[in-house]
Amino acid sequence: MSTAHTEYARRLTAPVGVAALAACGCAAIWLGDPTTPGGPLPVCPTKALLGIDCPGCGSLRMLYCLLHGNLFGALRYNALGLAAVGLLIWAYLAWTYGQLAGRRIRSWQHHRWAAPVLLIAVVAWFVVRNLGFGPFAALYV
Amino acid sequence: MTTPTQAGWYDDPSNPSAQRYFDGNDWTPYRQRKAAGAPTPPPVPSQTAAYTPPPTPPSYAPPPDPASYAPAPDPSSYAPPPDPYSYASSQPPAVAPSPVAYAGGGQPPDSHLVMAVLSTFLCCFPFGIVAIINANKVSNLWALGQYEAAQAAADSAKKWAMYSAIAWACLATIAFVVGVVLPLVGLSLLGGVAATNP
(Lines give C-alpha, C1' and ligand atoms only; values in the text may rest on other atoms or scores of the structure.)
Protein backbone atom coordinates (compact mmCIF):
# COMPACT_ATOMS: atom_id res chain seq x y z
CA MET A 1 0.00 0.00 0.00
CA SER A 2 2.65 2.45 1.03
CA THR A 3 4.87 1.47 -1.90
CA ALA A 4 1.98 2.20 -4.24
CA HIS A 5 1.67 5.63 -2.66
CA THR A 6 5.38 6.23 -3.08
CA GLU A 7 5.15 5.16 -6.70
CA TYR A 8 2.30 7.58 -7.39
CA ALA A 9 4.16 10.38 -5.63
CA ARG A 10 7.21 9.71 -7.78
CA ARG A 11 5.17 9.78 -10.96
CA LEU A 12 3.45 13.02 -9.95
CA THR A 13 6.67 14.89 -9.14
CA ALA A 14 7.15 16.34 -12.62
CA PRO A 15 3.48 17.38 -13.17
CA VAL A 16 3.36 19.03 -9.74
CA GLY A 17 6.62 20.86 -10.51
CA VAL A 18 5.25 22.17 -13.79
CA ALA A 19 2.04 23.25 -12.08
CA ALA A 20 4.05 25.08 -9.42
CA LEU A 21 6.09 26.88 -12.09
CA ALA A 22 2.92 27.88 -13.92
CA ALA A 23 1.40 29.14 -10.68
CA CYS A 24 4.51 31.26 -10.03
CA GLY A 25 4.22 32.70 -13.54
CA CYS A 26 0.54 33.48 -13.06
CA ALA A 27 1.29 35.14 -9.72
CA ALA A 28 3.97 37.30 -11.36
CA ILE A 29 1.54 38.31 -14.12
CA TRP A 30 -1.21 39.07 -11.59
CA LEU A 31 1.08 41.24 -9.49
CA GLY A 32 2.91 42.83 -12.44
CA ASP A 33 -0.25 43.86 -14.28
CA PRO A 34 1.05 43.99 -17.88
CA THR A 35 -2.12 45.82 -19.04
CA THR A 36 -0.82 49.00 -17.40
CA PRO A 37 2.23 50.26 -19.33
CA GLY A 38 5.47 50.89 -17.48
CA GLY A 39 5.16 47.92 -15.17
CA PRO A 40 7.99 45.61 -14.16
CA LEU A 41 7.15 42.94 -16.75
CA PRO A 42 9.26 43.29 -19.90
CA VAL A 43 7.87 44.10 -23.32
CA CYS A 44 8.32 41.45 -26.00
CA PRO A 45 11.84 41.88 -27.47
CA THR A 46 10.55 41.60 -31.05
CA LYS A 47 8.16 44.48 -30.43
CA ALA A 48 10.73 46.53 -28.55
CA LEU A 49 13.36 46.16 -31.29
CA LEU A 50 11.29 46.14 -34.47
CA GLY A 51 8.01 47.74 -33.47
CA ILE A 52 5.97 44.89 -34.92
CA ASP A 53 3.71 42.41 -33.20
CA CYS A 54 5.07 38.89 -33.02
CA PRO A 55 2.58 35.99 -32.77
CA GLY A 56 3.09 35.95 -29.01
CA CYS A 57 2.75 39.68 -28.39
CA GLY A 58 0.03 40.43 -25.88
CA SER A 59 0.29 36.99 -24.29
CA LEU A 60 1.06 38.36 -20.83
CA ARG A 61 -1.86 40.79 -21.04
CA MET A 62 -4.02 37.98 -22.39
CA LEU A 63 -3.12 35.81 -19.40
CA TYR A 64 -3.76 38.72 -17.02
CA CYS A 65 -7.24 39.13 -18.49
CA LEU A 66 -7.81 35.39 -18.34
CA LEU A 67 -6.78 35.29 -14.67
CA HIS A 68 -9.33 38.01 -13.99
CA GLY A 69 -12.06 36.16 -15.86
CA ASN A 70 -12.12 38.69 -18.70
CA LEU A 71 -12.46 36.40 -21.71
CA PHE A 72 -13.15 39.18 -24.20
CA GLY A 73 -10.08 41.08 -23.08
CA ALA A 74 -8.04 37.90 -23.47
CA LEU A 75 -9.37 37.42 -27.01
CA ARG A 76 -8.60 41.03 -27.79
CA TYR A 77 -4.96 40.84 -26.70
CA ASN A 78 -4.00 37.55 -28.31
CA ALA A 79 -6.71 35.30 -29.69
CA LEU A 80 -4.32 32.68 -31.03
CA GLY A 81 -2.42 32.77 -27.76
CA LEU A 82 -5.68 32.02 -25.95
CA ALA A 83 -6.16 28.99 -28.20
CA ALA A 84 -2.56 27.98 -27.44
CA VAL A 85 -3.30 28.16 -23.70
CA GLY A 86 -6.16 25.72 -24.25
CA LEU A 87 -3.84 23.37 -26.15
CA LEU A 88 -1.16 23.62 -23.47
CA ILE A 89 -3.67 22.78 -20.72
CA TRP A 90 -4.93 19.85 -22.78
CA ALA A 91 -1.39 18.56 -23.30
CA TYR A 92 -0.62 19.01 -19.60
CA LEU A 93 -3.67 17.04 -18.50
CA ALA A 94 -2.94 14.24 -20.98
CA TRP A 95 0.70 14.14 -19.88
CA THR A 96 -0.23 14.06 -16.18
CA TYR A 97 -2.70 11.23 -16.78
CA GLY A 98 -0.02 9.40 -18.78
CA GLN A 99 2.44 9.78 -15.91
CA LEU A 100 -0.09 8.29 -13.51
CA ALA A 101 -1.10 5.50 -15.87
CA GLY A 102 2.51 4.77 -16.80
CA ARG A 103 1.98 4.93 -20.55
CA ARG A 104 1.93 7.49 -23.29
CA ILE A 105 -1.45 9.13 -23.71
CA ARG A 106 -2.28 10.34 -27.16
CA SER A 107 -2.82 14.07 -27.21
CA TRP A 108 -3.16 16.73 -29.89
CA GLN A 109 0.59 17.09 -30.43
CA HIS A 110 0.82 13.49 -31.63
CA HIS A 111 -1.64 14.11 -34.40
CA ARG A 112 -0.22 14.02 -37.88
CA TRP A 113 -1.32 17.53 -38.81
CA ALA A 114 -0.63 19.23 -35.49
CA ALA A 115 2.77 20.70 -36.37
CA PRO A 116 1.98 21.89 -39.94
CA VAL A 117 -1.35 23.39 -38.89
CA LEU A 118 0.28 25.20 -35.97
CA LEU A 119 3.08 26.47 -38.18
CA ILE A 120 0.63 27.89 -40.72
CA ALA A 121 -1.58 29.37 -38.00
CA VAL A 122 1.35 31.10 -36.28
CA VAL A 123 2.76 32.56 -39.50
CA ALA A 124 -0.70 33.69 -40.70
CA TRP A 125 -1.36 35.26 -37.31
CA PHE A 126 2.00 37.03 -37.50
CA VAL A 127 1.09 38.56 -40.88
CA VAL A 128 -2.55 39.37 -40.20
CA ARG A 129 -2.04 41.25 -36.98
CA ASN A 130 0.62 43.49 -38.57
CA LEU A 131 -1.41 44.45 -41.64
CA GLY A 132 -2.60 47.57 -39.84
CA PHE A 133 -5.60 48.47 -41.96
CA GLY A 134 -9.31 47.81 -41.95
CA PRO A 135 -10.50 45.19 -39.51
CA PHE A 136 -6.95 43.91 -39.00
CA ALA A 137 -5.82 47.10 -37.26
CA ALA A 138 -7.65 45.98 -34.12
CA LEU A 139 -5.42 42.91 -33.90
CA TYR A 140 -2.29 45.01 -33.33
CA VAL A 141 -1.74 45.30 -29.59
CA MET B 1 0.92 -0.90 -16.27
CA THR B 2 2.79 -3.21 -14.01
CA THR B 3 6.41 -2.24 -13.95
CA PRO B 4 8.91 -5.09 -14.09
CA THR B 5 10.87 -5.69 -10.96
CA GLN B 6 14.17 -6.83 -12.44
CA ALA B 7 16.29 -5.75 -15.35
CA GLY B 8 15.72 -7.26 -18.75
CA TRP B 9 14.05 -6.97 -22.10
CA TYR B 10 10.31 -6.59 -21.93
CA ASP B 11 7.59 -5.81 -24.39
CA ASP B 12 7.50 -2.10 -25.07
CA PRO B 13 4.14 -0.88 -23.74
CA SER B 14 4.08 1.86 -26.37
CA ASN B 15 5.11 -0.29 -29.31
CA PRO B 16 3.65 -3.73 -30.00
CA SER B 17 6.47 -4.70 -32.37
CA ALA B 18 9.37 -3.81 -30.11
CA GLN B 19 10.94 -4.65 -26.82
CA ARG B 20 12.43 -2.19 -24.44
CA TYR B 21 15.19 -2.67 -21.90
CA PHE B 22 14.30 -2.15 -18.27
CA ASP B 23 17.38 -1.48 -16.15
CA GLY B 24 15.84 -2.53 -12.86
CA ASN B 25 14.66 0.94 -11.89
CA ASP B 26 13.38 2.58 -15.02
CA TRP B 27 12.75 2.12 -18.69
CA THR B 28 15.84 2.89 -20.78
CA PRO B 29 15.75 4.32 -24.32
CA TYR B 30 17.09 1.06 -25.70
CA ARG B 31 14.73 -0.84 -27.94
CA GLN B 32 14.95 -3.82 -30.21
CA ARG B 33 12.68 -5.53 -32.63
CA LYS B 34 10.69 -8.37 -31.23
CA ALA B 35 11.25 -11.00 -33.89
CA ALA B 36 14.89 -11.60 -34.64
CA GLY B 37 14.59 -13.44 -37.91
CA ALA B 38 11.30 -12.09 -39.09
CA PRO B 39 11.16 -9.63 -41.98
CA THR B 40 11.43 -6.02 -40.99
CA PRO B 41 7.99 -4.62 -40.41
CA PRO B 42 7.24 -1.81 -42.80
CA PRO B 43 7.54 1.61 -41.23
CA VAL B 44 3.96 2.03 -40.23
CA PRO B 45 2.64 5.43 -41.16
CA SER B 46 2.80 6.13 -37.52
CA GLN B 47 0.60 9.15 -37.30
CA THR B 48 -2.81 7.79 -36.57
CA ALA B 49 -2.94 4.06 -37.01
CA ALA B 50 -0.03 3.39 -34.73
CA TYR B 51 -1.85 4.78 -31.76
CA THR B 52 -4.83 2.47 -31.79
CA PRO B 53 -4.29 0.16 -28.88
CA PRO B 54 -3.63 -3.42 -29.82
CA PRO B 55 -6.41 -5.87 -29.16
CA THR B 56 -6.02 -7.59 -25.87
CA PRO B 57 -5.68 -11.31 -26.24
CA PRO B 58 -7.62 -13.20 -23.60
CA SER B 59 -4.55 -15.20 -22.75
CA TYR B 60 -1.02 -14.75 -23.88
CA ALA B 61 -0.45 -17.46 -26.45
CA PRO B 62 2.25 -16.68 -28.99
CA PRO B 63 1.37 -17.97 -32.45
CA PRO B 64 3.77 -20.55 -33.83
CA ASP B 65 4.41 -18.63 -37.02
CA PRO B 66 7.31 -16.27 -36.39
CA ALA B 67 6.52 -14.23 -39.49
CA SER B 68 3.21 -13.03 -38.16
CA TYR B 69 3.34 -10.43 -35.51
CA ALA B 70 1.57 -11.18 -32.33
CA PRO B 71 -0.30 -8.30 -30.80
CA ALA B 72 1.37 -7.23 -27.64
CA PRO B 73 -0.20 -8.45 -24.46
CA ASP B 74 -2.08 -5.85 -22.59
CA PRO B 75 0.50 -4.12 -20.42
CA SER B 76 -1.77 -4.13 -17.40
CA SER B 77 -2.04 -7.89 -17.43
CA TYR B 78 1.57 -8.45 -18.29
CA ALA B 79 3.52 -11.23 -16.72
CA PRO B 80 7.06 -11.70 -18.05
CA PRO B 81 6.66 -14.83 -20.16
CA PRO B 82 9.36 -16.75 -21.92
CA ASP B 83 9.15 -14.84 -25.16
CA PRO B 84 10.17 -16.96 -28.16
CA TYR B 85 10.86 -13.84 -30.20
CA SER B 86 13.36 -12.10 -28.04
CA TYR B 87 17.10 -12.37 -28.22
CA ALA B 88 17.58 -12.48 -24.52
CA SER B 89 14.37 -13.26 -22.81
CA SER B 90 15.48 -14.86 -19.60
CA GLN B 91 19.09 -13.81 -19.10
CA PRO B 92 19.39 -10.11 -18.44
CA PRO B 93 22.47 -8.78 -20.22
CA ALA B 94 25.38 -8.09 -17.97
CA VAL B 95 26.07 -4.71 -19.54
CA ALA B 96 23.65 -2.15 -20.83
CA PRO B 97 22.94 -2.83 -24.47
CA SER B 98 24.33 -0.55 -27.11
CA PRO B 99 21.77 1.82 -28.51
CA VAL B 100 20.67 -0.33 -31.39
CA ALA B 101 18.57 0.90 -34.22
CA TYR B 102 15.07 1.98 -33.40
CA ALA B 103 12.46 -0.60 -34.00
CA GLY B 104 10.98 0.14 -37.37
CA GLY B 105 7.28 0.77 -37.24
CA GLY B 106 7.37 2.14 -33.73
CA GLN B 107 6.27 5.52 -32.64
CA PRO B 108 8.19 8.57 -33.77
CA PRO B 109 10.20 10.36 -31.09
CA ASP B 110 8.55 13.10 -29.11
CA SER B 111 8.73 16.13 -31.39
CA HIS B 112 8.61 18.56 -28.43
CA LEU B 113 5.80 20.42 -30.17
CA VAL B 114 4.29 21.51 -26.85
CA MET B 115 7.57 23.12 -25.79
CA ALA B 116 7.85 24.75 -29.21
CA VAL B 117 4.37 26.28 -28.91
CA LEU B 118 5.05 27.43 -25.36
CA SER B 119 8.31 29.09 -26.39
CA THR B 120 6.72 30.72 -29.45
CA PHE B 121 3.95 32.39 -27.49
CA LEU B 122 5.67 33.17 -24.23
CA CYS B 123 9.37 33.42 -25.03
CA CYS B 124 11.43 34.56 -27.98
CA PHE B 125 9.24 34.10 -31.05
CA PRO B 126 11.85 33.66 -33.86
CA PHE B 127 13.53 30.75 -32.10
CA GLY B 128 10.15 29.27 -31.25
CA ILE B 129 9.23 29.23 -34.94
CA VAL B 130 12.45 27.35 -35.70
CA ALA B 131 11.44 24.85 -33.01
CA ILE B 132 7.99 24.36 -34.58
CA ILE B 133 9.55 23.91 -38.03
CA ASN B 134 11.84 21.20 -36.66
CA ALA B 135 8.98 19.54 -34.80
CA ASN B 136 7.09 19.56 -38.08
CA LYS B 137 9.81 17.49 -39.74
CA VAL B 138 9.81 14.68 -37.19
CA SER B 139 6.77 12.66 -38.25
CA ASN B 140 7.50 13.06 -41.96
CA LEU B 141 11.08 11.85 -41.59
CA TRP B 142 9.89 8.98 -39.42
CA ALA B 143 7.31 7.96 -42.00
CA LEU B 144 10.07 7.95 -44.63
CA GLY B 145 12.11 5.59 -42.50
CA GLN B 146 14.80 8.15 -41.70
CA TYR B 147 14.78 7.42 -37.99
CA GLU B 148 18.05 9.13 -37.13
CA ALA B 149 17.07 12.27 -39.01
CA ALA B 150 13.71 12.25 -37.22
CA GLN B 151 15.46 11.95 -33.87
CA ALA B 152 17.83 14.77 -34.86
CA ALA B 153 14.90 17.00 -35.82
CA ALA B 154 13.20 16.24 -32.49
CA ASP B 155 16.40 17.09 -30.62
CA SER B 156 16.73 20.26 -32.67
CA ALA B 157 13.16 21.30 -31.84
CA LYS B 158 13.92 20.88 -28.14
CA LYS B 159 17.18 22.81 -28.49
CA TRP B 160 15.54 25.80 -30.20
CA ALA B 161 12.70 25.87 -27.71
CA MET B 162 15.33 26.01 -24.96
CA TYR B 163 17.20 28.76 -26.82
CA SER B 164 13.95 30.69 -27.03
CA ALA B 165 13.42 30.43 -23.30
CA ILE B 166 17.04 31.35 -22.54
CA ALA B 167 16.92 34.34 -24.90
CA TRP B 168 13.73 35.55 -23.26
CA ALA B 169 15.26 35.15 -19.80
CA CYS B 170 18.35 37.13 -20.85
CA LEU B 171 16.31 39.93 -22.41
CA ALA B 172 13.99 40.04 -19.41
CA THR B 173 17.02 40.37 -17.14
CA ILE B 174 18.42 43.19 -19.29
CA ALA B 175 15.03 44.91 -19.35
CA PHE B 176 14.79 44.58 -15.58
CA VAL B 177 18.27 46.06 -15.09
CA VAL B 178 17.72 48.92 -17.54
CA GLY B 179 14.15 49.65 -16.51
CA VAL B 180 14.23 49.14 -12.76
CA VAL B 181 17.75 48.85 -11.33
CA LEU B 182 19.50 51.61 -13.31
CA PRO B 183 16.82 54.25 -12.61
CA LEU B 184 16.96 53.40 -8.91
CA VAL B 185 20.77 53.66 -8.90
CA GLY B 186 20.55 56.88 -10.91
CA LEU B 187 18.03 58.36 -8.52
CA SER B 188 20.13 57.53 -5.50
CA LEU B 189 23.24 58.99 -7.19
CA LEU B 190 21.32 62.15 -8.10
CA GLY B 191 20.07 62.32 -4.56
CA GLY B 192 23.66 62.06 -3.31
CA VAL B 193 24.81 64.79 -5.71
CA ALA B 194 21.93 66.99 -4.67
CA ALA B 195 22.77 66.44 -1.01
CA THR B 196 26.45 67.36 -1.43
CA ASN B 197 25.73 70.35 -3.67
CA PRO B 198 22.98 72.35 -2.06
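Proteins come first, then strands; the chains are lettered A, B, ... in the order of their sequence lines, and each starts at number 1.
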Can you tell me which portion of [X] sits under 4.5 Å from chain B's heavy atoms? Options are side chain, backbone, both or neither.
X      : answer
A/F126 : side chain
A/L119 : both
A/W108 : side chain

Using the rule given for side-chain contact (heavy atoms from CB on, under 4.5 Å), can you reason through A/L63 versus B/L122, listing the C-alpha separation, both sets of side-chain angles and the distance that settles it, and then say yes or no? CA-CA 10 Å; A/L63 287 171; B/L122 286 176; 4.0 Å; yes

Any link between [X] and [Y] through a network of hydrophobic side chains (Ile, Leu, Val, Met, Phe, Trp, Tyr) touching at under 4.5 Å?
X      : Y      : result
A/L49  : A/L60  : yes
B/V117 : A/V117 : no
B/F125 : A/M62  : yes
A/L67  : A/L41  : yes
A/L12  : A/L93  : no

May I ask you to check whether over 12 heavy atoms, not counting those of A/Y140, lie within 6.0 Å of atom OH?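 More than 12 within 6.0 Å, yes.
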
Take a 6.0 Å sphere around OH of A/Y92 and say whether it holds more than 12 heavy atoms from other residues, nucleotides or ligands.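 Yes, because the 6.0 Å sphere around OH of A/Y92 holds more than 12 heavy atoms from other groups.
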
Using salt bridge (charged side-chain N to carboxylate O under 4.0 Å, His left out) as the criterion, list what pairs up with B/K159, not counting sequence neighbours.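 B/K159 satisfies salt bridge (charged side-chain N to carboxylate O under 4.0 Å, His left out) with no residue once adjacent residues are dropped.
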
If you define the side chain from C-beta out and look only at heavy atoms, does anything of B/L113 sit under 4.5 Å from A/L118?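 The answer is yes, as the side chains (C-beta and beyond) meet within the 4.5 Å cut-off.
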
So which residues of residues 71-80 of chain A are in contact with chain B at a heavy-atom cut-off of under 4.5 Å? A/N78, A/L80

Drop me the distance from A/W125's CH2 to B/T120's OG1, to the nearest 0.5 angstrom.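 Reported value, rounded in 0.5 Å steps: 14.5 Å.
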
Distance in Å, B/S139 OG paired with A/Q109 CD, rounded so as to fall on 0.5 Å steps: 12.5 Å

Contacting region of B/I174 [heavy-atom separation from chain A under 4.5 Å]: neither

Under 3.5 Å, side chain of A/S59 to main-chain N/O of B/F121, donor-acceptor pair present?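 Side chain of A/S59 to backbone of B/F121: a pair is present.
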
Just list the side-chain donor-acceptor pairs under 3.5 Å for residues 16-34 of chain A, sequence neighbours left out, or say none.
{"residue": "A/D33", "atom": "OD1", "partner": "A/T35", "partner atom": "N", "Å": "3.1"}
{"residue": "A/D33", "atom": "OD1", "partner": "A/T35", "partner atom": "OG1", "Å": "2.4"}
{"residue": "A/D33", "atom": "OD2", "partner": "A/T36", "partner atom": "OG1", "Å": "2.7"}

Under the side chain to side chain donor-acceptor pair (under 3.5 Å) rule, collect the residues that match up with B/W168, sequence neighbours excluded. none

Could you have a look at A/C44, A/P55, A/G58, A/S107 and say which one has the most heavy-atom pairs with chain B under 4.5 angstrom? A/P55

